[in-house]
K.L.:
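What follows is a single structure, and I will ask about it in a moment.
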Amino acid sequence: MFKKVLVANRGEIAIRVLRACEERGIATVAVFSEADRSALHVRYANEAYCIGPAPSRESYLRMDRIIDVARKAGVDAIHPGYGFLSERAEFAAACAEAGITFIGPSPEAIEAMGDKITARETVRRRGVPLVPGSERGLRDEGLVAAAREIGFPIMIKAAAGGGGKGMRAVHDQGALVAAIGAARREAMAAFGNDEVYLEKLIANARHVEIQVLADSHGTTLSLNERECSIQRRHQKLIEEAPSVAVDEKLRKEMGQVAVAAAEAVGYVNAGTIEFLFDSKDNSYYFLEMNTRLQVEHPITELVTGIDIVKEQIAIAAGRKLRYKQADIIPNGWAIECRITAEDPYNNFMPSSGVVSYLKEPTGPGVRVESSLYEGMEISLFYDPMIAKLVVWGETRAEAILRMRRALNEYRIGGIRTSIPFHQEIMESTEFMWGTFDTGFLSRRRVGGMRPHLGEEEQLAAVVAAMLAHEEGRQATMHVGQADNGGKGEPVVGLWKQAGRMRAQRGRW
Amino acid sequence: MFKKVLVANRGEIAIRVLRACEERGIATVAVFSEADRSALHVRYANEAYCIGPAPSRESYLRMDRIIDVARKAGVDAIHPGYGFLSERAEFAAACAEAGITFIGPSPEAIEAMGDKITARETVRRRGVPLVPGSERGLRDEGLVAAAREIGFPIMIKAAAGGGGKGMRAVHDQGALVAAIGAARREAMAAFGNDEVYLEKLIANARHVEIQVLADSHGTTLSLNERECSIQRRHQKLIEEAPSVAVDEKLRKEMGQVAVAAAEAVGYVNAGTIEFLFDSKDNSYYFLEMNTRLQVEHPITELVTGIDIVKEQIAIAAGRKLRYKQADIIPNGWAIECRITAEDPYNNFMPSSGVVSYLKEPTGPGVRVESSLYEGMEISLFYDPMIAKLVVWGETRAEAILRMRRALNEYRIGGIRTSIPFHQEIMESTEFMWGTFDTGFLSRRRVGGMRPHLGEEEQLAAVVAAMLAHEEGRQATMHVGQADNGGKGEPVVGLWKQAGRMRAQRGRW
Amino acid sequence: MKYYVRVDNNEYEIEINGDIVLLNGEPVDVDLVRSGATELYSVLFGGRSHEMLVNADRFNYQINVRGVQLQVQVEDERARRLNRGRRLPTLPDGELAILAPIPGLVVRVLVGEGDSIEEGQPVILLEAMKMENELRAARAGIVKSVVATTGQRVEQNAPLIILE
Amino acid sequence: MKYYVRVDNNEYEIEINGDIVLLNGEPVDVDLVRSGATELYSVLFGGRSHEMLVNADRFNYQINVRGVQLQVQVEDERARRLNRGRRLPTLPDGELAILAPIPGLVVRVLVGEGDSIEEGQPVILLEAMKMENELRAARAGIVKSVVATTGQRVEQNAPLIILE
């Protein structure tokens, strides 16, 4: 087993991996950008080294610096987490050159699956069903022609893509060219490569994916499906396992197809096969394979009891899987809500600021994977996902009720978050019935208006008046307006107040 | 199902029950003493009412006030939690009179098991094995005589007892009378009844208990055993499930004996049969039945997947149990550490103060049941247990490693806690091998000396010097000593410092 | 003392005399305490328990209830008299500047001067965090002037479009 | 500037000149930042990461590392000169008062005047929180006087026994 592992990532996933290492008795090394000096993952690791300024391309994407730190710290393996360098074949290769184990698949496997078009061709040979689409390397005119052939509606996707970046749905000829432009811009910004391709858009399709684990001794297991249809702009927001749309027979069949797809590229370690799933006739089509740990891996852990990150480490260390396919029996139901620093009532605008108060949910069946701490500064340098709230229940109904309970407990002060959005979804009958698809959000325009709070709104008014009264703000108010329209001087007033109220044993 | 439930308790268990109610869609009512106005359970409930001053006997033990609140708030059931009124037959009766369901056993069952001596006689008739002991109502001379008969070492126990209060081990005639005195004093203080009795002390015995669930339709299930041998002065500190000492066959047999004991008093709802377990010959003896929810119930929940508190509510509402004995299959391993506000390096002296910083562990396999919040004032009015840290692992080894990980993450500022004690135990080979008994702690005098920290101690010295340097305290130091020997003016200095450092973006 | 409190577009009149609190003339039973943390308050409103996170900026309060952020403005009687007639930037009448909520790159301006637009209509495409974000009008109005230009880098709170 | 730092019974000499920090004469590489909360510090000590909770009371620091509470006293050169010879209440030599760590009821006094006692020897039985707690001597010494009496209610920090 490894003696020391470097985690080439930040945020909740870095902490997730550090925890797995600590629980395996492996020493840990974190890397951080100048913006992350006091981040949790830095404090959590046994060692931590700065690798550059805040922007990712100057720090978390700097392979050279990371490998340099790995060498100096004498680690024998690197875990890339998700995002950043996790799906860069050249990074996996660079690790190998440096004599360091990359905890993930081989560069060849990443390569083969990383290019979405090659991937489609590879798995097709193994009889994996595909959505009709365009071939590779087409310029705009070629794409327009291909679109006519495939027929609308169609989906534009980035060849180097992932995570929904550079994706666009187009419903008619007219909007096509503009959409291709936007998709190329996003793809270039996200992956430094603006190649895009087309796929037929399956209406009312679900996004169902299969988690696989493969060791270096020829065993590849399916850990069954995850339902990821609740998406906004092709970004997953809520995932659950199992899927209401998949029965035992289908689960077995899709699992076998997924294993075949993985074996098509001689895949080793943890990976995920994404399918487009058509509830109308239970047909499914290969979308892509993610050759890394997924954001939503915890829901699979909760229903299978298998610690996927620890298995990744064991596999990378050359261990045989301890399980047989027959041991993988789904137990209960798990749901994950992605907590992001975005304002659901302002078109999911990213929200920055300092986390001024934090109390995260806990208790039975609740798991929080979080990068949050009081005093944390949420910057706009990185992905807005700041935490994941995951629950387990004996049944789907219990899981939903538990998620509501946990969301109601979650307190994050100082920034806007997606929590009220998730509360809204957990209350929606469509979600409760499980009769949704990837079009769910666009149809119901969630988060458009904030819910009416009734008593709580009245109460907020009363509380504000009492605080103003207590503070004796009257005097300052006019002045405030006169001089600067009532802006400026935020916390200070409250601090003073805090002091005095504490003196009064917090009561009046 | 109930519409509204009152929780007649405080601290972590009140919150545990409130969560269960919320997850069942039941409205909740909390009661609180004047010391608990801003406690978590008050903020967590839908409604909250003050029932008197800080001392328990003027608030949490005031049946009249609690039932009065219940009537006014229109609740249809009351959950007593553990401690306080949970094992008072007259409270269960008073609820019934008020037409409110008591979520727990009948007053008769509480009565029958509440008096330890009656309990012994009742279960003996069902063939439940007992430890040899004295009969009831003996005065000191009688007890001395009985002790001679039973033979030393013996154990003194409070007839009205529970939770180790009023218990004393005596190894020879000489110490007997003094020990009886101390035991009676404690029993009187704790239960308002100073009757005690004697039991033969089984050397190197383990404490193994069986959780039972019984519905009002004649089904009584065993949820298998918990190992609770890690005790200090008969107070459980660490529990685990299953027990290393109990094999499948024994588990089945003890489960049947426990069910028989429960049925002996027509028991309905959740209860626990405590056994003294002798590893030498796998013999076990009935100690007592706790007719309430146990502190350590979560470890059973984690290995069985059954939510015991939700089952309590369903049973009280007249529902049939959804499980058969065959459905109860232990899965994995769970451990609980009781986090108390006590100083393990000062003879577990209770520690009071304000929780100035808090970060609780989370992530895979970790469950925290906590009453803590930043700014909370830990008073000496109530039990020093402030939180429970519970972990699940696929194996016992994984659970122990995960507990170490979680303990290392736990940050509680402003008070002393038992966390370092638990860290010490999790590192001890005796615990890892599982070869311990109830004498474990007294033998190894844990927490006697704090571990040597090496690098961290040096570092603490460096940090203190840097802070002193930064603060430019030199001037004030002499003055400080001259005038008041260096006492007084605590936080203020730090607040100022805080302000300035924040201005410097927390770095220098 | 009387206070006029606006939460979004609803206004409440609250009167406080010593321990007596009137909400729109009706007496209410409120017990308000801070719970440890500076901005966390526990409120018992006739026995019903609520938690609120409060951030104060002069007479503007941001109150977070169950994850929902409320904008609350308080005026006392005198402030009310003074403000009568005068336009506050936050009041729905008069001019309204659409500001950049985050630093970013203006990808496209979707409206022109003189356009009459609806509440919620997209007006600007702003790229931040590698995503294109639509800025929408907080209320209906006529575009008085377009400050932002395509391709421009804008700082947080930079005015982009002025409505009248 | 030189500092003499005592952690329990170990003393360290730390010298700080600008950015240079010497520990017992050896230069050390320390990066110290506050992480959000007032008393939480993150320390990188030659790349090794540590978290510390620090509470300062003048020149006494309570530092909590991995749940273990350390008592740290800092003196600078001048303070050291001044203190030389003088007895600080917290120093192990000279008189030592055993104080009640919590309010409670004195159940029994286990030692008498003139007794010579060991470090860690029980001296008083104090009942608090319905439990009898043994108070033990922090160090060996002779009992100079017994202040507490059986049955007496004592406040926190009330002196119970004086050692010399």
Side-chain angles (χ1 to χ4, degrees), chain A residues 165 182 185-186 189-190 346-350 352 356-357 380 383-384 407-408 410-411 413-414 416-417 419-420 423 450-451 453 455-469 471 473-474 476-478 480-481 485-490 493-495 497-498 501-502 506-508, chain C residues 1 3 5 7 10 12 14 16 21 23 28 30 32-35 37-41 43 45 48 50-61 63-70 72 74-76 78-79 82-83 88-89 101-103 107 120 127-136 156:
Chain A
K165 298 233 165 75
R185 271 199 305 279
E186 262 183 41
N346 182 14
N347 198 28
F348 284 83
M349 189 65 53
S352 59
S356 53
Y357 178 76
L380 298 177
D383 189 278
L407 286 164
N408 286 338
Y410 220 136
R411 301 270 180 280
R416 313 245 169 156
T417 76
I419 288 171
Q423 291 174 309
R450 67 160 187 73
L453 290 175
E455 169 170 304
E456 274 133 329
E457 182 174 309
Q458 290 180 20
L459 192 51
V462 172
V463 167
M466 287 172 81
L467 291 175
H469 188 70
E471 194 51 11
R473 289 168 180 270
Q474 301 87 315
T476 59
M477 277 163 75
H478 320 116
Q481 282 167 31
K487 277 187 214 60
E489 190 234 350
L494 199 61
W495 279 109
Q497 189 183 18
M501 292 192 186
R502 189 168 297 114
R507 178 156 201 155
W508 72 92
Chain C
M1 175 62 90
Y3 297 88
V5 185
V7 185
N10 306 330
Y12 301 88
I14 287 128
I16 305 179
V21 180
L23 167 61
V28 288
V30 197
L32 176 64
V33 307
R34 170 180 291 102
S35 299
T38 316
E39 68 185 70
L40 179 68
Y41 291 86
V43 193
F45 191 36
R48 287 183 303 289
H50 300 271
E51 238 178 44
M52 294 192 173
L53 293 170
V54 181
N55 276 297
D57 175 358
R58 276 271 162 66
F59 56 96
N60 294 301
Y61 295 83
I63 298 189
N64 186 307
V65 192
R66 289 199 285 109
V68 178
Q69 196 86 352
L70 298 174
V72 184
V74 181
E75 289 177 297
D76 67 4
R78 275 164 295 165
L82 257 146
N83 296 337
L88 283 178
I102 47 172
V107 176
E127 183 182 303
M129 307 174 85
K130 301 209 180 91
M131 296 275 292
E132 292 186 359
N133 305 287
E134 274 178 359
L135 303 197
R136 295 162 178 232
Q156 190 154 18

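Here is the naming used below: chain letters follow the sequence lines, and residue numbers restart at 1 for every chain. Predicted model only: the values in this text are computed from it and were never measured. The analysis underlying the following values was restricted to heavy atoms, covering all of them including side chains, and did not include hydrogens, waters or symmetry mates.
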K.L.:
If every non-hydrogen atom of A:Ser356 is compared with every non-hydrogen atom of C:Glu39, which pair is closest and at what distance?
P.N.:
OG-OE1, 2.7 Å
K.L.:
What pair of heavy atoms forms the shortest contact from A:Glu457 to C:Leu70, and how long is it?
P.N.:
CA-CD1, 4.3 Å
K.L.:
Might you point out which heavy atoms bring C:Val7 and A:Ala461 nearest each other, and give the distance in Å?
P.N.:
CG2-CB, 4.0 Å
K.L.:
Would a 4.5 Å heavy-atom cut-off, applied to side chains only, mark A:Val463 and C:His50 as touching?
P.N.:
no
K.L.:
If you measure from CD1 on C:Ile14 to CE on A:Met466, what distance do you get to the nearest 0.5 Å?
P.N.:
10.0 Å
K.L.:
May I ask you to name which of A:Leu407, A:Leu459, A:Asn408, A:Thr417 has the most heavy-atom pairs under 4.5 Å with chain C?
P.N.:
A:Leu459
K.L.:
To the closest 0.5 Å, what do you measure between CZ (A:Arg411) and CE (C:Met52)?
P.N.:
10.5 Å
K.L.:
How many angstroms lie between CG in C:Leu40 and OH in A:Tyr357, if you round to the nearest 0.5 Å?
P.N.:
4.5 Å
K.L.:
Is a side-chain N or O of C:Tyr61 found less than 3.5 angstrom from the main chain of A:Ala468, in a donor-acceptor match?
P.N.:
yes
K.L.:
Of the backbone (N, CA, C, O) and the side chain (C-beta and beyond), which part of A:Gln458 lies under 4.5 Å from a heavy atom of chain C, both, or neither?
P.N.:
both
K.L.:
Of all the heavy-atom pairs spanning C:Asn55 and A:Gly414, show the shortest one and how long it is.
P.N.:
ND2-N, 4.3 Å
K.L.:
Looking at C:Val43, C:Val65, C:Ile16, which one has more heavy-atom pairs under 4.5 Å with chain A than the rest?
P.N.:
C:Ile16
K.L.:
Kindly indicate whether the side chain of A:Leu467, heavy atoms from C-beta on, has any atom under 4.5 Å from the side chain of C:Leu32.
P.N.:
yes
K.L.:
I need the minimum non-hydrogen distance between C:Val72 and A:Ala464, along with the two atoms involved.
P.N.:
CG1-CB, 3.5 Å
